[in-house]
Amino acid sequence: MTTKTSTQTVYPTLTYRDAAAAIDWLVTAFGFEKLMAVPGEGGGIVHAELRYGDGVMMLGSVRDDAYGRLASPGGVAPVQSLYVVVDDPDAHYQRAKAAGARIVLDLKDADYGSRGYTALDIEGNVWSFGTYRPEV
């Protein structure tokens, strides 16, 4: 397998109480590809990277160290919100729904030209998927 360095400059990073289960769920429900996962003590994940299209996110388990106390005060993973551009929101919605994703904003067309929906992951993070792509 050939590896290449990403040109992305912003990487969303999430913490989960059960990062291993979150990785499996994000792959199944939302179609992410697991690039790598580094296991830690006690079954946790020290660091993982998932890809969707040309974007990469990082995640890991809640942990009790200097960074962990900043990212997850009190040992609780905070709820985060992410937006992911998808080419076919209808198919993506059906995949997520079939995997048991809790849809909180149903699939619809927005007045600004996007089509998408919003769902929660297994730990309550808010994921919006749609066709809107910001211009840079």
Side-chain angles (χ1 to χ4, degrees):
M1 178 172 151
T2 304
T3 60
K4 75 177 197 179
T5 303
S6 171
T7 58
Q8 185 175 324
T9 58
V10 177
Y11 294 86
T13 305
L14 301 176
T15 55
Y16 287 92
R17 291 182 305 274
D18 188 344
I23 291 167
D24 291 342
W25 193 88
L26 291 167
V27 167
T28 300
F30 293 158
F32 278 87
E33 174 190 358
K34 180 171 87 171
L35 299 176
M36 57 97 71
V38 178
E41 295 179 21
I45 300 293
V46 175
H47 177 81
E49 296 174 6
L50 303 180
R51 175 174 46 212
Y52 190 90
D54 60 1
V56 175
M57 65 171 281
M58 300 184 289
L59 65 93
S61 297
V62 171
R63 59 186 198 245
D64 187 22
D65 62 13
Y67 179 79
R69 287 186 290 278
L70 291 171
S72 307
V76 176
V79 172
Q80 300 293 308
S81 175
L82 296 99
Y83 176 77
V84 179
V85 176
V86 296
D87 293 328
D88 186 348
D90 294 76
H92 196 275
Y93 171 86
Q94 291 303 325
R95 176 185 186 142
K97 200 169 179 181
R102 182 171 164 218
I103 307 299
V104 293
L105 296 174
D106 213 14
L107 186 63
K108 69 174 187 171
D109 294 317
D111 58 358
Y112 52 88
S114 183
R115 180 164 177 78
Y117 73 97
T118 301
L120 302 182
D121 70 20
I122 60 173
E123 291 195 14
N125 291 301
V126 180
W127 291 82
S128 294
F129 298 92
T131 57
Y132 174 74
R133 184 179 300 271
E135 292 184 20
V136 291

Rounded to the nearest 0.5 Å, how far apart are CG of L26 and CD1 of I122?
-> 7.0 Å
Is L120 close to V126 at the side-chain level, that is, under 4.5 Å between some pair of heavy atoms?
-> yes
Side-chain contact, heavy-atom cut-off 4.5 Å: Y52 with V86?
-> yes
Nearest heavy-atom contact between A37 and P39 is O-CD, 3.5 Å
Taking atom CG of D106 and atom OG1 of T118, what is their separation to the nearest 0.5 Å?
-> 10.0 Å
Any donor and acceptor pair, going by atom type alone, linking the side chain of Y83 with main-chain N or O of G130 inside 3.5 Å?
-> yes
Value rounded to 0.5 Å, distance of CD in E49 from OG1 in T13 = 9.5 Å
Side-chain touch Y93/I103, heavy atoms, less than 4.5 angstrom = yes
Interatomic spacing from CZ in F32 to CZ in R51 - rounded to 0.5 Å | 11.5 Å
Show your working on salt bridge (charged side-chain N to carboxylate O under 4.0 Å, His left out) between D24 and K34 and close with a plain yes or no.
-> CA-CA 8 Å; D24 291 342; K34 180 171 87 171; 5.4 Å; no
Side chain to side chain contact (heavy atoms under 4.5 Å, CB included) assessment of D87 paired with H92 | CA-CA 9 Å; D87 293 328; H92 196 275; over 6 Å; no
Kindly assign one of parallel, tilted or perpendicular to the pair W127 and F30, based on the angle between their ring planes and the thresholds 30° and 60°.
-> tilted
Minimal heavy-atom distance between A101 and A119, with the atoms involved, is CB-CB, 4.3 Å
More than 12 heavy atoms from other groups under 6.0 Å of CG on D54 | no
Hphob cluster co-occupancy, L50 + V46, side-chain heavy atoms under 4.5 angstrom = no
When rounded to the nearest 0.5 angstrom, what distance separates CG in L82 from CG in L14?
-> 5.0 Å
Compute the centroid of each ring, for F129 and then for Y117, and state whether the two points are separated by less than 6.0 Å.
-> yes
Output yes when a side-chain donor or acceptor of R63 lies under 3.5 Å from a complementary backbone atom of I45, and no otherwise.
-> no
V76 side chain near V62 side chain, heavy-atom distance below 4.5 Å = no
Short side-chain to backbone donor-acceptor contact, T15 and S61, under 3.5 Å = no
Is a side-chain donor or acceptor of H47 paired with a backbone partner of L59 at a separation under 3.5 angstrom?
-> no
Where is the tightest heavy-atom contact between Q8 and G55, given as atom of each residue plus distance?
-> OE1-CA, 3.1 Å
Would D121 and R102 pass as an ion pair if we require N to O under 4.0 Å?
-> no
Any donor-acceptor pair under 3.5 Å linking the side chain of N125 with the backbone of Q80?
-> yes
Can you tell me how far the CG atom of D18 sits from the CD atom of E123, to the nearest 0.5 Å?
-> 6.5 Å
Please answer whether the main-chain N or O of A110 pairs with a side-chain N or O of S114 as donor and acceptor at a distance below 3.5 Å.
-> no
Indicate yes or no: at least one non-hydrogen side-chain atom of Y112 is less than 4.5 angstrom from one of Y132.
-> yes
